[in-house]
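Okay, structure first, notes after.
Every chain is numbered from 1 and lettered A, B, ... according to where its sequence line falls, protein lines coming before strand lines. Just the heavy atoms: all of them, side chains too, but no hydrogens, waters or symmetry mates, feed the values below.
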Amino acid sequence: MLSNNDGCAVARSEEAKALGIQMGAPEFMVRDTLKAHNVAVFSSNYTLYGDMSDRVMKTLAAFVPRLELYSIDEAFLDMSELKYNDLLKLGMEIKNTVKQHVGIPVTVGIAPTKALAKIANRYAKKKHKDLGVHWLANSDLIKQALVATEVGDIWGIGRRYETLLQRYRVNTAFDFINLPEEWIRVNMTVVGQRLWNELRGVQSFEWEFEIPAKKNICTSRSFGKLVNRKDEMIEALSNYAASCAAKLRRQKSAARLLHVFIKTNQHRMQDKQYGRSINIQLPIATNNTVEIVKHALKGLDIIFKEGYNFNKCGVIVSDLVPEESIQYNLFDTANRHRNTTVMKTMDKLNASLGKDLVRFAVQGFEKRYKLRAEYLSKLYTTNLADLPTLRN
DNA sequence: TCTGGGGTCCTAGGACCC
DNA sequence: TCTGGGGTCCTAGGACCC
């Protein structure tokens with residue numbers, strides 16, 4: 001599966017991995033291999049993934065009193081209050097039910113802490129593939145799993161820490177938990193210390209059963225083709241600003257700070273390079289599309305330069321406050337009540353249409369810069385026109 | 001040779017995640 | 001020709017204050 005813009009391979013089947021297609025490999029560099037072996041290639045299809053994810057999560061939720069949605073394809077289930085003796089059996093039931101209801105294969109890892117559950121899940125994937133479930137039911141099983149986990153495969157250990165740890169001959173998760181706590185604290189901050197505790201069975205990561213409001217919201221894209229005209233940049237940036245505003249309204253936040261950035265493609269040696277960003281303090285926190293677009297374009301005016309091939313721009317809104325606690329100032333002349341009504345109506349219409357058809361003129365429809373997605377699968381589950389058809 | 005001590009707040013940058 | 005997008009948390013260091 002390819003990243004946005006059909007740029008890089010970001011998810012590969014075991015067979016594709018066996019052909020040597022690396023995570024993050026640019027598509028155009030592996031194109032010949034893909035063709036030669038008839039590899040199925042797909043563009044990203046977030047609508048489809050989102051819908052499938054909802055279905056899986058709903059199925060999981062029926063098994064436990066509380067669950068934490070961790071990402072589009074992962075969840076933590078709180079089993080602490082369950083009366084089950086045999087959690088392995090429960091894990092199997094979960095896995096089979098998801099398969100039956102949604103058709104998606106999942107792997108279940110069961111353990112005393114989140115970090116150990118991630119280890120268990122990984123162990124199930126690698127060593128108990130047919131079962132698809134692993135339960136770290138006692139200290140022997142925990143040790144066995146820790147020994148089998150390379151340090152770089154621990155959740156929370158990235159490339160930098162992996163290199164550092166290997167320098168100290170720490171190769172497995174088991175080596176890691178036997179390091180002195182003080183060393184971890186000094187070299188990996190309190191973040192590493194928490195992880196160390198989790199892997200020793202001491203819970204240090206909190207549950208997050210409610211989805212927390214985001215503290216920053218970003219919309220940015222690489223262009224499907226290079227852009228050097230300002231009017232096209234205006235159109236693209238307006239769309240990203242509008243998208244940020246809509247995301248703000250969805251979580252009932254308003255932003256006090258706007259960050260706008262543009263950049264050229266640093267991989268193109270033949271092009272002059274230019275990248276610049278700007279922060280814009282908003283006089284009053286807002287989630288109004290018109291205002292956010294207006295300020296974003298004012299920022300673009302300052303940072304845009306003619307004569308460059310731009311390949312990306314974006315908008316980040318931050319310094320967020322809850323919608324209902326916006327501080328208005330004395331000299332504020334905008335008709336905020338009317339603006340809010342317009343935004344609500346627009347959101348409602350777009351939601352019912354399933355597409356952002358209601359928009360402001362500056363956003364345009366043409367999108368010459370829009371993403372490439374040549375291998376898009378259909379929206380089987382969310383678009384009537386894409387329903388699979390049966391033949392008799 | 002020598003240049004106070006102790007706070008707070010903010011931001012940039014580095015680490016990580018999916 | 002062609003190289004993704006969207007987040008979080010922590011820390012060090014600078015600015016500023018008394």
Side-chain angles (χ1 to χ4, degrees), chain A residues 1-11 21-32 34-35 41-46 49-50 53 68-76 114-115 118 121-122 151-165 184-195 198 204-206 208 211-226 236 239-240 243-244 247-248 250-251 253 256-257 259 261 263-271 273 277 279 281 309 311-320 370-375:
Chain A
M1 188 193 100
L2 301 176
S3 66
N4 262 345
N5 228 9
D6 292 343
C8 307
V10 292
I21 295 165
Q22 302 274 326
M23 169 72 189
E27 186 270 344
F28 73 93
M29 287 171 68
V30 293
R31 191 171 294 157
D32 292 345
L34 296 174
K35 281 229 170 80
V41 178
F42 298 95
S43 303
S44 311
N45 187 337
Y46 299 107
Y49 310 152
S53 173
E68 172 179 338
L69 301 177
Y70 176 63
S71 71
I72 194 160
D73 67 347
E74 284 175 85
F76 291 106
K114 287 185 184 176
K118 291 277 279 187
N121 185 287
R122 199 163 186 290
V151 77
D153 294 328
I154 300 172
W155 180 47
I157 305 285
R159 289 254 284 283
R160 298 303 284 258
Y161 284 149
E162 180 184 19
T163 311
L164 172 75
L165 288 163
I184 304 275
R185 172 71 227 215
V186 169
N187 290 282
M188 300 176 67
T189 81
V190 60
V191 179
Q193 194 178 10
R194 284 184 202 133
L195 176 61
E198 281 262 321
S204 307
F205 299 156
E206 293 306 315
E208 252 177 26
I211 298 172
K214 297 212 185 319
K215 298 172 179 177
N216 307 288
I217 290 173
C218 171
T219 304
S220 78
R221 297 282 181 280
S222 299
F223 302 134
K225 72 175 204 25
L226 296 172
N239 277 292
Y240 306 157
S243 152
C244 280
K247 291 178 191 173
L248 281 171
R250 223 169 293 146
Q251 69 162 32
S253 296
R256 286 190 292 209
L257 187 64
H259 183 83
F261 67 91
K263 63 179 279 300
T264 52
N265 183 344
Q266 76 258 39
H267 294 104
R268 280 175 66 91
M269 297 302 165
Q270 68 271 44
D271 279 3
Q273 296 293 314
S277 70
N279 278 329
Q281 198 78 44
N309 288 325
N311 86 317
K312 186 172 183 173
C313 72
V315 176
I316 301 169
V317 289
S318 56
D319 199 358
L320 308 189
K370 78 167 193 300
L371 293 180
R372 271 191 309 276
E374 287 178 36
Y375 313 98

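Judged by closest nucleotide on DNA chain C, N311(A) is the one of N311(A) and T219(A) placed further toward the 5' end. Across the interface with DNA chain C, nearest-nucleotide mapping of S222(A) and T189(A) shows S222(A) to be the residue nearer the 5′ end.
Nucleotide dG7(C) holds its P atom 13 Å from the CD1 atom of I211(A), rounded to whole Å. Atom NE2 of H267(A) is separated from atom C1' of dT3(C) by 5 Å (rounded to the nearest Å). As a whole-Å value, the separation of R221(A) CZ from dG4(C) P is 13 Å. Between M188(A) atom CE and dC17(B) atom C1' the separation is 14 Å, expressed in whole Å. Taking atom CG of N309(A) as the reference point, atom C1' of dC2(C) lies 14 Å away to the nearest angstrom. For the pair Q193(A) CD and dT11(C) C1', the interatomic distance rounds to 15 Å; values are reported in whole Å. Summarising the geometry, the separation between CG on N45(A) and C1' on dG4(C) is reported as 15 Å, rounded to the nearest angstrom. For the pair K370(A) NZ and dG5(C) C1', the interatomic distance rounds to 19 Å; values are reported in whole Å.
Comparing dT11(C), dC2(C), dG4(C) by their closest approach to the side chain of L226(A) singles out dC2(C). For Y161(A), taking side-chain heavy atoms from C-beta onward, the closest of the listed nucleotides dC17(B), dG4(C), dA15(B) is dA15(B). Candidate nucleotides dC10(C), dA15(B), dG5(C) were compared by shortest atom distance to the side chain of R160(A), and dA15(B) ranks first. For K118(A), the listed nucleotide lying nearest its side chain is dC18(B); candidates were dC18(B), dT11(C), dT3(C). The side chain of R268(A) lies closest to dC2(C) when the candidates are dC2(C), dC10(C), dG4(C). Distances were taken from every side-chain heavy atom of K247(A) (C-beta onward) to each of dT3(C), dG4(C), dG6(C); the shortest belongs to dG6(C).
Contacts of L164(A) with the nucleic acid, taken as non-hydrogen atoms under 4.0 Å apart, are absent. Using a 4.0 Å heavy-atom distance criterion, Q266(A) is classed as making no nucleic acid contact. Counting non-hydrogen atoms under 4.0 angstrom, I316(A) reaches nothing in the nucleic acid. S44(A) comes within contact range of no nucleotide atom at all, as no heavy-atom separation falls under 4.0 Å. At a threshold of 4.0 angstrom between heavy atoms, the contacts of I217(A) are confined to the sugar-phosphate backbone, with no base atom among them.
Shown are Q193(A), K114(A), K118(A); of these, the side-chain contact (heavy atoms from CB on, under 4.5 Å) with E198(A) is made only by K114(A).
L195(A) contributes atom CG, which lies 5.0 Å from atom CD1 of I157(A) (distance to the nearest 0.5 angstrom).
Close to dG6(C), at under 4.0 Å from its OP1 or OP2, lies a side-chain N or O of S220(A). For R372(A), no side-chain nitrogen or oxygen approaches OP1 or OP2 of dT1(C) to under 4.0 Å. Residue R194(A) places none of its side-chain N or O atoms closer than 4.0 Å to OP1 or OP2 of dT8(C). The shortest distance between the side-chain N/O atoms of R31(A) and the OP1/OP2 oxygens of dT1(C) is not below 4.0 Å. Between K215(A) and the phosphate of dC9(C), there is a side-chain N or O to OP1/OP2 separation shorter than 4.0 Å. Applying the 4.0 Å criterion to OP1 and OP2 of dT3(C), one finds that N265(A) has a side-chain N or O inside that range. Contact between the side-chain N/O atoms of S71(A) and the OP1/OP2 oxygens of dC17(B) is not found at any separation under 4.0 Å. Put simply, K312(A) has a side-chain N or O that comes within less than 4.0 Å of OP1 or OP2 on dG5(C). Between dC17(B) and K114(A), no contact under 4.0 Å exists linking OP1 or OP2 to a side-chain N or O. Considering only side-chain N and O atoms, N216(A) lies under 4.0 angstrom from the phosphate OP1 or OP2 of dT8(C).
Helical stems of DNA chain C (runs of at least 3 Watson-Crick or G-U pairs, donor-acceptor distances under 3.5 Å) are listed by first residue: B:5-18 with C:5-18.
The gap from the C1' atom of dC17(C) to that of dG4(B) amounts to 14 Å, rounded to the nearest Å.
Between Y46(A) and Y49(A), the ring planes lie perpendicular to each other; the angle is over 60°, past the 30° to 60° tilted range.
When the side-chain hydrogen bond (donor to acceptor under 3.5 Å, both in side chains) test is applied to K215(A), no partner is found at least two apart in sequence or on another chain.
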